Amino acid sequence: MGTGPRDGRPFGPGLALPRPPGPPCSAPPSSGPDRDAGHRKRWREDPSPETNRPLRFPHNKPNVRVFTWLRRLFEERSVPTPIVIVSDALPGDTVAPLKAACDVRQIDGRDRQALLAALPEADALIVRSGTRVDAEVLERATRLRVVARAGVGLDNVDTATARALGVTVVNAPDANSVSVAELTVSLVVASVRHLQEAGRSLRAGEWRRSDFAGTELSGRTAGIVGFGRVGREVARRLAAFDMRILVHDPYADTLADDVHATGLDELLAAADVVTLHLPRTPTTTGLIGARELRLMKPTAHLVNTARGGIVDESALYRALCAGTLAGAALDVFATEPPGASPLLDLPNVVAVPHLGASTAEAQLRAGHEAVRKVLAELAPLLAPAPTTV
Ligand SMILES: NC(=O)c1ccc[n+]([C@@H]2O[C@H](COP(=O)([O-])OP(=O)(O)OC[C@H]3O[C@@H](n4cnc5c(N)ncnc54)[C@H](O)[C@@H]3O)[C@@H](O)[C@H]2O)c1
Ligand SMILES: O=C(O)CC[C@@H](O)C(=O)O
């Protein structure tokens, strides 16, 4: 009989189960009678298909019929059903396969007490950006096998503590790149054409056309900081506006055609639009501070759809007020929600509430990927253990 990873509770007896109905579920080899052995040694944020395919689903979607069958079977035989906490909103369609296999408990992860109360029983936790998965949360969750981030950024997950505790962390790295890139381009246009302030003014009964004259993008220079999945999508779209593309990414091994690599300072000095697409880490926090903003042209615009905290918001406010920077467009903030941030009062700031990934397509992709990876991680609890002779 296996025991729970840290609380010593049993997960249930090893069972020899008949094959499930239908073809699509291929379970991984069982770890033997102790079904937990070694599970906490595994670590991967973005597992390759070669190393992460304990379960296969048609079209990457978990198969509801197979998991419903497994769940019924385990209930009949008194095997505890794995408990999955979903602490940020996911599209209903994406959670359905999980409900078929597991006991899914939906809570509001921003409610700290509810989160801490739910965790001791959890085998898996699925979050978006609203839930802070810090050391306290991870230590409370003594049965936890996997944290799944239905999105890209892992800055709300204490990955070091998770690794130390043997909790697997997975994310959905490709799910929302296009959506974020499309929002980024929208924000670039909104900033150089003053769309948000012009709309506000119109709704207030004004008709100030000459106040909102903008600039064309064609022939100007875009500076992309961080040339990963989103940065590359943004580059293609801004190139379609006939912009020259400069890129700064010290770790990118390949660049695209018509993209010019440069140092950060050179990029800041040359670009008419600077757009950020790098993760927030201890190294990148405050990367764009007063010095960097001073390097930018007074006619330039700064767009941040990456993470708040990469830009020093006080320095940005001062630059925008002083007119040493023409405009900024922000999807992300150092603290979310940003409350009464003075940046929100400035007419040359376009601001939206972290909408980069908020499209139907991105949410479905991220939800399906998170659920698929959670089911794969929970496979030892769902799959049959071998009979011992
Ligand atoms: N607004 C949203 O809703 C939203 C959605 C998805 C992602 N994001 C954010 O966007 C970021 C980028 O996403 P992605 O999918 O392109 O990630 P990615 O990992 O594919 O690309 C990030 C790139 O940043 C580069 N980088 C790291 N440190 C750097 C530095 N100091 N200077 C320049 N480049 C640096 C990396 O080399 C990498 O190429 C994520 O980390 C996340 O925080 C936001
Ligand atoms: O959960 C969200 O909608 C935001 C996701 C986004 O910031 C990400 O990093 O994927």
Side-chain angles (χ1 to χ4, degrees), residues 45-46 86-91 94 109-110 126-133 148-157 159 169-187 223-237 246-256 259 261-268 271 274-289 292 303-311 329-334 336-338 350-367 369-370:
E45 291 183 5
D46 176 15
V86 178
S87 63
D88 290 306
L90 292 183
T94 63
R110 290 164 305 177
I126 304 184
V127 302
R128 284 176 57 188
S129 56
T131 303
R132 192 160 44 89
V133 187
R149 167 73 163 90
V152 177
L154 287 171
D155 46 293
N156 58 326
V157 181
T159 52
V169 178
V170 295
N171 64 349
D174 295 306
N176 57 32
S177 316
V178 167
S179 293
V180 182
E182 290 181 358
L183 181 79
T184 302
V185 173
S186 312
L187 290 177
I224 298 179
V225 184
F227 202 56
R229 295 174 184 87
V230 177
R232 285 166 198 268
E233 296 290 343
V234 169
R236 287 177 44 221
R237 286 159 177 78
L246 299 180
V247 162
H248 172 69
D249 188 329
Y251 313 108
D253 42 11
T254 57
L255 294 180
V259 160
T262 179
L264 180 60
D265 286 1
E266 291 73 21
L267 179 150
L268 293 170
V274 173
T275 179
L276 306 179
H277 303 291
L278 66 167
R280 179 175 61 197
T281 65
T283 321
T284 65
T285 299
L287 184 76
I288 307 297
E292 288 71 27
V303 178
N304 187 6
T305 60
R307 277 294 181 272
I310 296 173
V311 179
L330 306 172
D331 182 41
V332 288
F333 302 87
E336 293 184 0
V350 176
V352 293
H354 203 147
L355 294 180
S358 293
T359 63
E361 294 86 350
Q363 288 310 304
L364 278 177
R365 281 193 291 265
E369 190 166 344

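Numbering of ligands and ligand atoms starts at 1, following listing order. Note that the numbering runs from 1 along the sequence shown for the chain. Just so you know, these numbers use all the heavy atoms, side chains as well, and skip hydrogens, waters and symmetry mates. Source: prediction; values computed, not measured.
Counting only non-hydrogen atoms, the option in Asn171, Asp249, Thr283 that gets closest to atom 37 (O) of ligand 1 is Asp249. Here the shortest heavy-atom distance to atom 2 (C) of ligand 2, taken over Gln363, His354, Glu336, Arg128, belongs to Arg128. Summarising the contacts of atom 5 (C) of ligand 1 with Val180, Val152, Leu264, the nearest heavy atom is found in Val180. The residue among Leu287, Leu278, Asp253 with a heavy atom at the shortest distance from atom 30 (C) of ligand 1 is Leu278.
The protein heavy atom nearest to atom 21 (O) of ligand 1 is Gly228 CA, 3.2 Å. Of the protein's heavy atoms, Arg307 NH1, 3.8 Å lies nearest to atom 42 (C) of ligand 1. Taking atom 44 (C) of ligand 1 as the reference point, the nearest protein heavy-atom neighbour is Thr305 O, 3.2 Å. Counting only heavy atoms of the protein, atom 10 (O) of ligand 1 lies nearest to Ala306 CA, 3.8 Å. Annotation: atom 34 (N) of ligand 1 to nearest protein heavy atom, Gly226 CA, 3.5 Å. Protein heavy atom nearest atom 6 (C) of ligand 1, with residue, atom name and distance: Asn176 OD1, 3.2 Å.
Which parts of ligand 2 touch Arg307 is read off a 4.0 Å heavy-atom cut-off, strictly below it: atoms 6 (C), 7 (O), 8 (C), 9 (O). Annotation for ligand 1: atoms under 4.0 Å from non-hydrogen atoms of Pro279 are 22 (C), 24 (O), 27 (C), 41 (O). Shown in contact with Ala357 at under 4.0 Å from a heavy atom are these atoms of ligand 1, numbered in order with element: 3 (O). Atoms of ligand 2 found under 4.0 Å from any heavy atom of Ser129, numbered from 1 in the order shown, are 1 (O), 2 (C), 4 (C). Heavy-atom contacts of Gly356 reach the following atoms of ligand 1: 1 (N), 2 (C), 3 (O) (cutoff under 4.0 Å). The atoms of ligand 2 that sit less than 4.0 Å from any heavy atom of Gly151 are 10 (O). In summary, the atoms of ligand 1 found under 4.0 Å from a heavy atom of Tyr251, numbered by their order in the structure, are 26 (N), 27 (C), 28 (N), 29 (C), 37 (O). Close approach of ligand 1 to His277 is summarised as follows: ligand atoms under 4.0 Å from at least one heavy atom of the residue are 12 (C), 22 (C), 23 (C), 24 (O). The contact set between ligand 1 and His354, taken as ligand atoms under 4.0 Å from a residue heavy atom, comprises 1 (N), 2 (C), 3 (O).
Residue contact check for ligand 1: Pro250 places a non-hydrogen atom closer than 4.0 Å to it. Residue-ligand proximity: His248 is placed with a non-hydrogen atom under 4.0 Å from ligand 1.
When non-hydrogen atoms are compared, ligand 1 lies under 4.0 Å from the backbone of Val230 as well as from its side chain. Of all the heavy atoms of Arg280, none lies under 4.0 Å from any atom of ligand 1, so neither backbone nor side chain is involved.
Counting heavy atoms from C-beta outward, Arg365 and Glu361 have side chains that approach closer than 4.5 Å. Taking the side chain as every heavy atom from C-beta outward, Leu287 and Leu264 approach each other to under 4.5 Å. In this structure, the side chains of Asn156 and Arg149 come closer than 4.5 Å at one or more pairs of heavy atoms. Side-chain atoms of Glu336 and Pro353, non-hydrogen and from C-beta on, never get closer than 4.5 Å to each other.
To the nearest 0.5 Å, the span separating CG on Leu364 from CG on Leu90 amounts to 10.0 Å. Distance check, rounded to the nearest 0.5 Å: CZ of Arg232 to CZ of Phe227 gives 4.5 Å. For the atom pair OG1 of Thr285 and CD1 of Ile310, the computed distance is 7.0 Å after rounding to the nearest 0.5 Å. How far CG of Asp174 is from CD of Glu369: 6.5 Å, rounded to the nearest 0.5 Å.
Where the criterion is an N or O separation shorter than 3.5 Å, residue side chain and backbone included, Asn176 meets it with respect to ligand 2. In terms of polar-atom proximity, Thr284 is not counted as a contact of ligand 1, lacking any N or O under 3.5 Å from an N or O of the ligand. Considering backbone and side-chain atoms together, Arg229 places an N or O closer than 3.5 Å to an N or O of ligand 1. Close N/O approach between Val152 and ligand 2 is found [any backbone or side-chain N/O within under 3.5 Å]. For ligand 2, one of its N or O atoms has an N or O atom of Gly153 under 3.5 Å away.
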